[in-house]
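By convention in this document, chain letters (A, B, ...) are assigned in the order of the sequence lines, proteins followed by strands, and residues within each chain are numbered from 1.
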Amino acid sequence: MASFQSLPGFRDFYPEEFSRRQHIFRVWRQGASAFGFQEYDAPVLEPLELYKTKSGDEIEAQLFSFTDKGGREVALRPEMTPTVCRMVGAKAGALKRPIKWFSIAEFYRYERAQKGRLRAFNQFNADIFGEAGPEAEIELIALLIQCLNGFGLTKDDFYIRLSDRDLWFFYLEALGLNENQARGILSAIDRYEKMGDDAFTGYTEVHGELAAATKEKVLTFLKIKSLGELESTLAPFKSDKLAVRLADWRKVLGGLAAMKLNDFVAVDLGVVRGLAYYTGFVFEAFDRKGDLRALAGGGRYNDLVKKLGGPDLPAVGFAIGDVTTGLLLEQRGLTPRFVTAPDIYVVIGGELERAAAFGDIHALRGAGWRVEYPFKELAFGKQFKAASESGAKLALIYGGDELAKGVVKIRDLTDRSEQEVPRDQVLVCVRDFLSGH
RNA sequence: GCGGCCAUAGCUCAGUUGGUUAGAGCACAAGAUUGUGAUUCUUGGGGUCGCGGGUUCGAAUCCCGUUGGCCGCCCCA
């Protein structure tokens with residue numbers, strides 16, 4: 001047993017786990033690239049104030065924060081949004097709009113680990129800055145779907161719940177509630193799925209009992225499952241704000257339907273998302289079976305760049321986590337096999353033949369082939385066994401007999417056939433052989 | 001921050017009411033086998049029984065603490 005273990009909630013990535021992580025990163029990166037997003041990165045350590053400004057003081061309890069040797073209050077980044085807002089805000093004037101950026105990075109939160117949640121995890125982040133219209137939401141939701149489709153996940157595996165914080169506020173305003181009351185209701189909505197009617201006790205304590213008729217209307221709104229229901233529910237209200245939001249909803253759902261993505265998206269006003277900086281559409285991706293926490297989440301945050309000292313710049317973004325994604329891929333058998341096989345395994349007769357083999361081995365590697373050979377002198381039988389177990393498609397045999405004739409033997413490890421080729425043609429013959437498979 | 005379950009070899013686990021030097025399978029390595037891959041056989045390395053303390057003639061086993069893991073609550077950017 002080792003004297004040291006990794007810290008709680010942190011993971012070691014041995015080669016097999018690392019390859020699984022790389023597969024996830026590769027799919028995300030391919031998706032972002034296809035959508036024309038540009039990759040960026042940023043420091044892991046940031047001023048603590050950056051997160052307090054965005055999320056309030058209470059966030060500190062869930063941060064990896066400390067005082068550095070220069071007396072600065074710092075924190076390991078718990079998310080990318082404040083950082084990317086700072087970066088974009090600093091150069092907003094020089095960046096071509098719309099700004100479409102993504103990153104793949106590790107984040108840290110000081111919380112107790114549980115299923116799908118660790119203290120160190122990776123996230124794919126994609127954001128669009130400088131586009132106030134719902135075109136940005138269409139682009140991002142389509143990208144989110146692509147980033148999950150890329151693993152082989154289908155509409156039977158996951159779906160996206162789409163909601164709208166502005167719509168809620170405008171609706172609650174139309175019902176006669178003030179802004180504080182509306183925030184209280186949203187907080188109750190957030191918990192309603194889990195707690196049922198008890199979710200409203202917090203509201204009652206602060207604002208008093210919600211009128212039965214109003215509550216009824218809130219719950220009706222919450223249960224809306226389609227654009228049609230949404231339109232008919234809102235029809236009686238003469239509100240310009242609501243009409244504008246409805247037009248945006250038609251655009252988003254229409255655009256996604258035109259991309260044939262409508263099966264992936266569900267109208268679900270039960271999603272409001274925890275912290276209060278979202279200003280419009282919000283969305284979360286979930287496993288269809290529903291026993292995992294959210295795969296991804298995001299929404300519009302039009303005020304944040306300005307709040308962090310930048311210009312007034314509209315923004316939408318989302319993040320996908322690697323932990324829940326990995327669990328879902330595991331459940332669905334979509335984890336790729338761990339392959340370490342070389343292309344070629346070189347069998348070497350003895351020390352005399354080794355020098356000859358080394359020249360060709362290095363040339364083959366220079367040509368881009370993955371080539372392995374035994375470090376120590378080994379019996380031929382052992383070497384063939386090793387060649388077979390390595391998963392290589394072919395073996396090159398450098399024995400005394402062959403070299404005396406000026407040839408190298410190529411053995412097809414799949415059907416055990418062999419042929420001799422002149423030594424100076426090894427590269428060409430290997431290329432012909434491997435490209436034919 | 002709170003609660004439940006758990007911790008023996010790299011992995012999966014056994015280990016009797018507390019009793020000699022803590023075991024198995026798999027994996028790894030060497031050999032049987034000095035020019036051709038299976039299977040098999042032999043052998044080997046690898047453990048402060050998570051860590052610390054206590055009870056006892058004696059602790060992997062019982063008790064307390066602690067660290068870590070899994071799971072749930074809070075929270076979830």
Opposite nucleotide pairing with [N], Watson-Crick or G-U, both atom distances under 3.5 Å:
{"N": "A27(B)", "answer": "none"}
{"N": "C2(B)", "answer": "G72(B)"}
{"N": "C51(B)", "answer": "G65(B)"}
{"N": "C57(B)", "answer": "G19(B)"}

[X] [atom1] to [N] [atom2], straight-line distance once rounded to whole Å:
{"X": "Asp12(A)", "N": "C11(B)", "atom1": "CG", "atom2": "P", "value": "12 Å"}
{"X": "Asp412(A)", "N": "U36(B)", "atom1": "CG", "atom2": "P", "value": "19 Å"}
{"X": "Tyr108(A)", "N": "A77(B)", "atom1": "OH", "atom2": "P", "value": "20 Å"}
{"X": "Leu118(A)", "N": "G69(B)", "atom1": "CG", "atom2": "P", "value": "9 Å"}
{"X": "Ile189(A)", "N": "C76(B)", "atom1": "CD1", "atom2": "P", "value": "16 Å"}
{"X": "Leu186(A)", "N": "C76(B)", "atom1": "CG", "atom2": "P", "value": "13 Å"}
{"X": "Arg411(A)", "N": "G35(B)", "atom1": "CZ", "atom2": "C1'", "value": "11 Å"}
{"X": "Tyr14(A)", "N": "C11(B)", "atom1": "OH", "atom2": "C1'", "value": "12 Å"}

Is the shortest distance from a Lys or Arg side-chain nitrogen in Arg86(A) or Glu46(A) to a carboxylate oxygen in the other one below 4.0 Å? yes

Can Arg354(A) and Glu351(A) be counted as an ion pair, charged N to O under 4.0 angstrom? yes

Taking the ring of Tyr159(A) and the ring of Phe264(A), is the distance between their centroids below 6.0 Å? no

Report yes or no: does Arg161(A) contribute a side-chain atom to a donor-acceptor pair with the main-chain N or O of Val267(A) at less than 3.5 Å? no

Which nucleotide wins on minimum distance to the side chain of [X], given the candidates [options]?
{"X": "Ala113(A)", "options": "G35(B), A77(B), C70(B)", "value": "C70(B)"}
{"X": "Pro8(A)", "options": "G35(B), A77(B), G68(B)", "value": "G68(B)"}
{"X": "Lys115(A)", "options": "A77(B), C71(B), U36(B)", "value": "C71(B)"}
{"X": "Lys194(A)", "options": "C73(B), C70(B), A77(B)", "value": "C73(B)"}
{"X": "Pro78(A)", "options": "A77(B), C73(B), U36(B)", "value": "A77(B)"}
{"X": "Ser388(A)", "options": "U34(B), U36(B), G37(B)", "value": "G37(B)"}

Ring-base stacking, Phe380(A) with U36(B) (5.5 Å, 30° cut-offs): no

Considering only the [atom1] atoms, how many Å lie between [N] and [M], rounded to the nearest integer?
{"N": "C49(B)", "M": "C62(B)", "atom1": "C1'", "value": "15 Å"}
{"N": "A22(B)", "M": "U61(B)", "atom1": "C1'", "value": "12 Å"}
{"N": "C26(B)", "M": "C73(B)", "atom1": "C1'", "value": "39 Å"}
{"N": "A38(B)", "M": "G47(B)", "atom1": "P", "value": "30 Å"}
{"N": "G25(B)", "M": "A9(B)", "atom1": "C1'", "value": "12 Å"}
{"N": "U16(B)", "M": "G50(B)", "atom1": "C1'", "value": "24 Å"}
{"N": "G3(B)", "M": "U8(B)", "atom1": "P", "value": "24 Å"}
{"N": "U33(B)", "M": "G69(B)", "atom1": "P", "value": "50 Å"}

What nucleic acid atoms does [X] come within less than 4.0 Å of, heavy atoms only: base, sugar-phosphate, or nothing?
{"X": "Gly350(A)", "value": "nothing"}
{"X": "Gly116(A)", "value": "nothing"}
{"X": "Lys376(A)", "value": "nothing"}

Hey, which of Leu153(A), Leu144(A), Leu292(A) is the one that makes side-chain contact (heavy atoms from CB on, under 4.5 Å) with Phe158(A)? Leu153(A)

Parallel, tilted or perpendicular, as decided by the 30° and 60° cut-offs, for the rings of Trp168(A) and Tyr171(A): perpendicular

Parallel, tilted or perpendicular, judged at 30° and 60°: which one describes the rings of Phe124(A) and Phe318(A)? tilted

Can you find a side chain N or O atom of [X] that sits less than 4.0 Å from OP1 or OP2 on [N]?
{"X": "Lys385(A)", "N": "A29(B)", "value": "no"}
{"X": "Arg191(A)", "N": "C75(B)", "value": "yes"}
{"X": "Lys382(A)", "N": "G37(B)", "value": "no"}
{"X": "Arg112(A)", "N": "C74(B)", "value": "no"}

Residue mapping more 5' on RNA chain B - nearest nucleotide basis, Arg117(A) or Glu402(A): Glu402(A)

Considering heavy-atom distances to RNA chain B, does Leu63(A) or Phe384(A) have its closest nucleotide positioned more toward the 5' end? Phe384(A)

Taking atom types as they are modelled, is there a donor-acceptor pair under 3.5 Å from the base of [N] to the side chain of [X]?
{"X": "Arg416(A)", "N": "U36(B)", "answer": "no"}
{"X": "Gln114(A)", "N": "G69(B)", "answer": "no"}
{"X": "Glu418(A)", "N": "U36(B)", "answer": "yes"}
{"X": "Arg293(A)", "N": "C76(B)", "answer": "yes"}

Using side-chain heavy atoms (C-beta onward) and a distance below 4.5 Å, is Asn125(A) in contact with Asp127(A)? yes

